[in-house]
Chemist: 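Supplied in structure tokens, the structure appears directly below.
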Amino acid sequence: MKNKSADNIRREIQHTHLLLIIIITILFSLGGAAINVNAHDKAFDLNLQNTAELISRLYSFTRDYSPEDLRSYFDSVEQSLPEVDVISIVDKSHIRLYHTNHALIGTLYDGKVPDLTQHQNGFYTESDIGPSGPQRRTYYALFDKDGNYDGFLMAIVLKTTIHSITIKTIMLFAAITLGAILIEFFLSKGVSHKIKKRLLGFEPDTFTSMYKIRDNILESINDGIIAIDRHGNIQFSNGVAKKILNCCGENEKVELIKKNVFAEKFLMPVISDGTSQFGLQETLENKTPVLIDCIPIKEENSVIGAAAILHDRTEYTKLMEDLSGTKYLVDSMRANNHDFTNKLHVILGLIQIGQYEKAVSYIENISIIQRETLSVIMHAVDNATLAALLIGKIARSSECNVRFILREGISYKNSDINLPSEALVTIVGNLIDNALDSMNSTNSDLRELEFGVFTQPGELLITVDDTGCGIAPENYENVFLNGFSTKGKGRGVGLYHTKQLIESLGGNISFESQVGVGTSFMVTFKKNGSDSQVEAE
């Protein structure tokens with residue numbers, strides 16, 4: 001039913017268009033025909049007058065001819081004037097000296113006698129009825145050599161001839177009108193097909209429905225969208241984009257300026273290059289951090305515009321923190337599962353050899369250590385993602401036969417210094433992994449990793465101490481170089497990226513090391529109150 005309705009609408013539009021064109025064409029044709037017929041009537045009258053004048057001059061040269069010669073002469077004249085049907089010459093005694101119908105030559109003219117004295121030009125044209133039927137005739141006065149009135153002549157066109165010419169004119173206009181209508185019909189079909197093609201094959205109401213659905217979808221999503229044409233004109237922007245760009249509530253001119261500035265900076269380069277750009281980071285004037293994806297809009301391999309998708313990085317950061325916390329919690333559970341499996345094997349062995357008291361003591365000791373460790377982390381670390389990471393790293397240390405020690409008095413509060421959780425996870429995770437790798441490369445009996453994190457308003461301290469192989473003095477300057485490692489190829493990027501991240505956030509990293517004893521890394525952040533408050537907001 002919907003397709004049928006769409007098809008009917010398209011046909012209705014096409015038929016209405018055709019009907020209007022046909023009516024207009026017919027009206028123009030009727031007007032043109034009327035003007036042309038009227039022009040023909042005037043042309044007939046003028047032609048009759050000119051012909052009558054010519055015949056009068058010819059008669060002035062032939063008035064002395066014999067009747068036979070006069071008849072022969074004017075027969076030839078009449079044949080040379082196809083636009084005139086009848087020529088009649090009447091003397092002042094009303095005797096026909098010549099008539100196209102030879103039977104009337106020499107007979108008395110019994111028709112209307114023109115009063116040429118009433119016409120200054122000596123001629124006039126009128127409609128009348130003669131022996132040949134209805135006609136249009138011009139009367140022209142004849143004078144002798146002395147200028148005396150000598151009779152009159154008539155140049156006549158039959159109304160049948162006039163009607164025939166008029167019908168031919170009307171038929172010509174009708175043929176032209178019909179041709180124009182046919183051309184308009186095919187043009188209308190072509191335009192209709194072209195419009196449908198430009199609408200991607202959809203009927204108008206279907207396309208309108210799709211547009212409304214698309215508009216509702218684009219307005220309901222949580223990301224901002226701005227689209228421009230190849231000239232940089234804003235074609236679409238949803239409510240979220242206006243909110244992110246801080247356009248809501250401002251006057252239309254200010255909104256347009258802000259959108260154009262954004263389009264010029266991010267979308268016009270995409271139109272010029274024709275390539276997409278993803279993950280652009282920008283902090284707007286209202287301190288909103290956004291991620292921007294810019295995509296060119298193409299039609300038949302030609303860039304006709306570009307669209308930008310704006311993601312509020314604050315929301316993404318929260319989501320990433322939640323996902324990171326879940327990830328590290330899963331890793332922690334996996335590592336704890338492996339660790340508990342080993343402990344269960346120990347308990348099973350003690351039971352099998354009859355050492356029941358030792359098995360009970362072992363279980364109690366494990367429970368106490370596990371409970372104390374989890375309790376310390378959950379109470380001291382006010383960041384779920386970092387807490388989950390530490391629990392996972394403790395379990396992994398146990399697998400690596402490394403004792404993980406939490407420094408006394410550790411404390412982390414988000415309210416003291418609000419760093420992004422993903423940054424904390426990267427920094428702490430890389431430093432702990434680096435310490436575990438260092439201890440795995442040595443056979444020392446003392447395998448301990450001591451971790452500390454401490455905050456106070458505007459400050460953060462992170463320490464990681466290990467009893468690994470240490471760093472040789474000649475390598476101190478290379479520790480943070482990209483690709484430097486003493487553990488083989490494909491390593492040496494963790495500390496490099498960690499240092500880059502710390503410094504980008506305004507922090508500092510340092511270390512102390514002694515070969516065969518171990519290494520201590522220290523990370524510090526010091527921010528003034530206003531900076532901390534800005535980041536927290």
Side-chain angles (χ1 to χ4, degrees), residues 33-172:
I35 293 172
N36 195 272
V37 168
N38 185 52
H40 267 297
D41 290 342
K42 292 181 179 180
F44 278 131
D45 288 351
L46 182 61
N47 185 57
L48 284 174
Q49 293 167 10
N50 292 335
T51 302
E53 182 183 7
L54 174 63
I55 294 173
S56 70
R57 291 184 181 183
L58 293 175
Y59 177 72
S60 66
F61 293 110
T62 59
R63 65 175 62 249
D64 296 330
Y65 281 16
S66 63
E68 290 79 10
D69 291 339
L70 188 65
R71 183 185 66 185
S72 176
Y73 179 77
F74 278 102
D75 280 346
S76 64
V77 171
E78 193 270 338
Q79 291 176 3
S80 65
L81 298 172
E83 64 272 15
V84 177
D85 293 323
V86 177
I87 297 175
S88 179
I89 302 174
V90 181
D91 64 14
K92 59 185 178 181
S93 301
H94 299 169
I95 301 299
R96 293 185 178 96
L97 300 178
Y98 176 80
H99 196 284
T100 302
N101 183 0
H102 293 169
L104 297 176
I105 295 176
T107 62
L108 179 66
Y109 173 73
D110 55 356
K112 179 181 178 182
V113 178
D115 185 7
L116 295 170
T117 59
Q118 300 296 323
H119 301 276
Q120 295 180 357
N121 295 328
F123 63 87
Y124 70 93
T125 302
E126 68 175 8
S127 296
D128 204 348
I129 298 176
S132 303
Q135 54 195 239
R136 188 76 175 168
R137 59 174 64 173
T138 294
Y139 297 99
Y140 208 97
L142 298 175
F143 300 93
D144 60 17
K145 294 178 180 180
D146 297 326
N148 299 316
Y149 178 75
D150 195 30
F152 64 92
L153 67 83
M154 293 180 291
I156 301 170
V157 175
L158 300 176
K159 284 294 182 74
T160 54
T161 302
I162 297 175
H163 291 162
S164 175
I165 295 175
T166 301
I167 290 173
K168 289 181 180 178
T169 301
I170 293 174
M171 292 297 292
L172 176 62

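Predicted model, so just to flag it, every value in this text is computed and none were measured. No hydrogens, no waters, no symmetry mates; every other heavy atom, side chains included, goes into these values.
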Chemist: Determine, stepwise, if the pair R71 / I105 fulfils side chain to side chain contact (heavy atoms under 4.5 Å, CB included).
Modeler: CA-CA 9 Å; R71 183 185 66 185; I105 295 176; 3.7 Å; yes
Chemist: To the nearest 0.5 angstrom, please state how far the CG atom of L153 sits from the CG atom of L54.
Modeler: 10.0 Å
Chemist: Taking the six-membered ring for Trp, are the ring centroids of F61 and Y73 within less than 6.0 Å of each other?
Modeler: no
Chemist: Are D75 and Y98 linked by a side-chain donor-acceptor pair shorter than 3.5 Å?
Modeler: yes
Chemist: Evaluate the ring planes of Y139 and Y124, with Trp represented by its six-membered ring, and classify them as parallel (under 30°), tilted (30 to 60°) or perpendicular (over 60°).
Modeler: tilted
Chemist: Could you go through the side chain to side chain contact (heavy atoms under 4.5 Å, CB included) check for I89 and Y59 one step at a time?
Modeler: CA-CA 9 Å; I89 302 174; Y59 177 72; 4.0 Å; yes
Chemist: Quick check against the 3.5 Å criterion: does D85 have a side-chain atom that pairs as donor or acceptor with the backbone of L158?
Modeler: yes
Chemist: Anything under 30° is parallel, anything over 60° is perpendicular, the rest tilted; go ahead and classify F152 against H94.
Modeler: perpendicular
Chemist: If you round to the nearest 0.5 Å, how far is OH of Y109 from CD1 of I95?
Modeler: 13.0 Å
Chemist: Counting N and O atoms only, with roles assigned by atom type, does the side chain of D144 sit under 3.5 Å from a partner on the main chain of G147, one being a donor and the other an acceptor?
Modeler: yes
Chemist: Working to the nearest 0.5 Å, report the span between NZ of K145 and CG of D64.
Modeler: 5.0 Å
Chemist: Evaluate salt bridge (charged side-chain N to carboxylate O under 4.0 Å, His left out) for K112 paired with E126, printing each intermediate quantity in order.
Modeler: CA-CA 11 Å; K112 179 181 178 182; E126 68 175 8; 3.2 Å; yes
Chemist: The criterion is side chain to side chain donor-acceptor pair (under 3.5 Å); which residues satisfy it with K92, sequence neighbours excluded?
Modeler: none
Chemist: With sequence neighbours excluded, what pairs up with N50 under the side chain to side chain donor-acceptor pair (under 3.5 Å) test?
Modeler: none
Chemist: From L97 CG over to F74 CZ, what is the distance, rounded to the nearest 0.5 angstrom?
Modeler: 9.5 Å
Chemist: Which value, rounded to the nearest 0.5 Å, describes the distance between I87 atom CD1 and R137 atom CZ?
Modeler: 14.0 Å
Chemist: I'd like to know if the side chain of S72 pairs up with that of D69 as donor and acceptor (distance under 3.5 Å, no hydrogens or angles considered).
Modeler: no
Chemist: Can you measure from OG (S56) to CG (D150) and round to the nearest 0.5 angstrom?
Modeler: 12.0 Å
Chemist: For a side chain to side chain contact (heavy atoms under 4.5 Å, CB included) check, start with the C-alpha distance between E53 and F123, then their side-chain angles and the critical distance, and finish with the verdict.
Modeler: CA-CA 9 Å; E53 182 183 7; F123 63 87; over 6 Å; no
Chemist: Assess the residue pair V84 and E78 against the criterion (side chain to side chain contact (heavy atoms under 4.5 Å, CB included)); give the C-alpha distance rounded to whole Å, side-chain angles, the decisive distance to 0.1 Å, and a yes or no.
Modeler: CA-CA 7 Å; V84 177; E78 193 270 338; 5.8 Å; no
